[in-house]
Amino acid sequence: MLTCWLISEDGNHEPLPLPHYQRVTLGRGPETTIKDKKCSRHQVELKADCNKGYVKVKQLGANPTFVDSVEVGKGMEVKMEPGQQLHIVNQLYPYTVHFMEDLSGEPPPAKRPREPPSGEVADSKGASNVKVAKQANHTPSSGRESATSNNEKPGIWSNGLKATMQDPKMQVYKDDKVVVIKDKYPKALYHWLVLPWESIPNMKALRGEEHCDLLRHMQQVGQRMVAQCKDTPALRFRSGYHAIPSMSHIHLHVISQDFDSPALKNKKHWNSFTTDYFIDSQDVIQMLEKTGKVTVKDGTSELLKLPLRCHVCHKELATIPSLKEHLKTHISV
DNA sequence: GTTCTAGAAC
DNA sequence: GTTCTAGAAC
C-alpha cells in the first residue's frame, strides 16, 4: 500500500505522514510551525485514503480553509488529490499531498525555501539514494513528532499496537478498513488481532451506524482468518474484545480456545479471555445497534482476580501450572 | 501489554 | 529448599 505525506510548500517543516484512514488534526502548533492567531490549534482534520489516493480535508476552525480555490467551510469536508493545494487558513500555509511507495518509512525530501548558507554536509554518494538497512520498527509515525492531536506518543508502551499494525512484516491481512496482525504474545495456538485503520481508542469511543458497519466488517475478517486456518476443524475459536484493554487502539481478539501458549503466564491473562471480561464481538455489535454505544459493567476489572477455572469443565485449579496440566486433558486428537 | 523480583506458599 | 504469585517499573 502507498504511504501519504503532507508537504509544506513553504518548506516550513519536514513532510508529515498521513497514515491510511487515521484522522490527523493540524493547526497552529509545533508540527506546522504556524503561529498565526487566525489559525485554530485544531484548524483541519485530514484523513488519507491510500488506496483511492486522496485525502479528505475537514475544516474545524472558524476561519476558512481552502482546497485550491474552494472554501471548505466549518464542519464541512472536501476531497483533495495530489496536485491540488491546501491552504490551512485563508490563502496562507500552502500544502500538497504525495502518495508514494513505502520503502523504508523515510519521508520524501522537504521543500527548500532557499539554499542553506554554504558548507552543507553534502551526501558524499551524490545522487545515489543509498538506503541503509535499518531494523524493523521504523514506521512513518515513529521517531518523529506526531501530528495527531491525541496522546499518541509512539514511545508509550500502550501505543505499541499503532506501530505494529503499520509494519508490513506484521500484517497477515489488510483491506481498505482493517488490518490483521498476529498477537506478539499469543495466548493460544492461534491469536490474531483485527484493527481498524481509523484510530478508535476504545469501545467507549464507538458511536452509531458507521462504527457498527466497521465492527461487523472486523468480525467478518476475523471469521475469514478462522476459515483459512488449517487447524480450524480441530479447534474452537472465539472473537471478542477485552472490556478494559491495556493497549490503546481498538482491537478484536480472534483466539483459539486451546490456550496452549508459553505467553499465557498469569491469572490476569487467563481471566481476561475466559470470564465476562472477554465480550463476544456479536454482543458488542448488538449493544451498539440497540443503544448506539457500548458500556462496560461496574466491577468488570474485579473479574481478573477470580480463581482460576477451566473454561471447558469449570473445574477450579490452584495455580497456573496446574491449570496448564489440566488443559491437556481437554485436547481432542 | 511485558519484565523483574520479593516474599508468600508449599 | 523450590515454586509461584503479585505488584512495581517500564
Side-chain angles (χ1 to χ4, degrees), chain A residues 19 22 135-139 141-143 146 148 150-167 169-172 178-206 218 222 225 238-279 281 284 294 296 299-311 315-329:
Chain A
Q22 290 187 35
Q135 206 26 61
N137 55 3
H138 193 106
T139 64
S141 57
S142 71
S146 171
T148 34
N150 308 324
N151 303 325
E152 297 188 10
K153 302 279 190 301
I156 308 292
W157 62 258
S158 56
N159 291 328
L161 283 178
K162 292 186 212 301
T164 307
M165 66 185 271
Q166 301 286 343
D167 184 348
K169 288 187 285 298
M170 306 301 283
Q171 300 163 344
V172 295
V178 303
V179 60
V180 182
I181 58 176
K182 287 186 190 176
D183 194 296
K184 198 174 170 189
Y185 299 90
K187 303 301 186 290
L189 252 29
Y190 297 95
H191 187 178
W192 295 287
L193 304 180
V194 185
L195 305 107
W197 290 113
E198 181 182 354
S199 180
I200 302 170
N202 52 49
M203 291 199 290
K204 278 184 202 152
L206 293 170
M218 287 167 68
M225 297 308 297
R238 282 183 78 188
S239 52
Y241 299 85
H242 279 154
I244 309 163
S246 302
M247 305 292 277
S248 189
H249 201 113
I250 199 162
H251 52 283
L252 173 68
H253 290 270
V254 179
I255 183 167
S256 57
Q257 296 295 293
D258 48 274
F259 294 113
D260 176 5
S261 162
L264 199 159
K265 293 179 176 174
N266 58 44
K267 185 178 270 189
K268 178 174 176 176
H269 291 154
W270 180 254
N271 283 335
S272 73
F273 287 101
T274 60
T275 68
D276 289 343
Y277 196 91
F278 189 84
I279 311 176
S281 171
V284 172
V294 179
V296 168
T300 298
S301 62
E302 298 304 305
L303 297 175
L304 296 178
K305 298 173 186 166
L306 288 172
L308 300 170
R309 203 172 275 285
C310 172
H311 64 312
K315 179 181 165 74
E316 188 175 320
L317 284 303
T319 66
I320 289 286
S322 61
L323 171 66
K324 290 194 173 209
E325 277 302 310
H326 173 82
L327 290 180
K328 291 179 184 170
T329 67

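Naming convention: chains lettered A, B, ... in sequence-line order (proteins, then strands); numbering from 1 in each chain. None of these values were measured; they are calculated from a predicted model. Any value given below was found using the heavy atoms of this structure, including those in side chains, with hydrogens, waters and symmetry copies removed.
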Whole-Å distance separating the [atom1] atom of [X] from the [atom2] atom of [N]:
| X | N | atom1 | atom2 | answer |
| --- | --- | --- | --- | --- |
| A/Leu306 | C/dT5 | CG | C1' | 16 Å |
| A/Lys268 | C/dA8 | NZ | P | 13 Å |
| A/Glu325 | C/dC4 | CD | P | 10 Å |
| A/His191 | B/dT2 | NE2 | P | 10 Å |
| A/Lys182 | B/dG1 | NZ | C1' | 19 Å |
| A/Asn266 | C/dC4 | CG | P | 14 Å |
| A/Lys267 | C/dT5 | NZ | C1' | 9 Å |
| A/Trp270 | C/dC4 | CH2 | P | 17 Å |

Just compare [options] and give me whichever is closest to any side-chain atom of [X].
| X | options | answer |
| --- | --- | --- |
| A/Thr319 | C/dT5, B/dG1, B/dT3 | C/dT5 |
| A/His253 | B/dG1, C/dT5, C/dA6 | B/dG1 |
| A/Pro321 | C/dT5, B/dG1, B/dT3 | C/dT5 |

Aromatic ring pairing A/Phe278/A/His253, orientation class (parallel under 30°, perpendicular over 60°, tilted between): tilted
Using 30° and 60° as the class boundaries, would you call the ring planes of A/Phe273 and A/Phe259 parallel, tilted or perpendicular? tilted
Side chains of A/Asp276 and A/Thr300: closer than 4.5 Å at any heavy-atom pair? no
Check whether any side-chain heavy atom of A/Asp183 sits under 4.5 Å from a side-chain heavy atom of A/Ile255, and report yes or no. no
Counting any heavy atom closer than 4.0 Å, what does [X] reach on the DNA or RNA strands: base, sugar-phosphate only, or nothing?
| X | result |
| --- | --- |
| A/Ile320 | sugar-phosphate |
| A/Lys184 | nothing |
| A/Lys305 | nothing |
| A/Ser158 | nothing |
| A/His269 | sugar-phosphate |

When A/Leu193 is tested against each of A/Leu161, A/Val180, A/Thr164 for side chain to side chain contact (heavy atoms under 4.5 Å, CB included), which residue passes? A/Leu161
Taking only side-chain N and O atoms of A/Lys265, does any of them lie within less than 4.0 angstrom of OP1 or OP2 on B/dT3? yes
So is the aromatic ring of A/Tyr185 stacked onto the base of B/dG1, judging by whether the centres are under 5.5 Å apart and the planes are under 30° apart? no
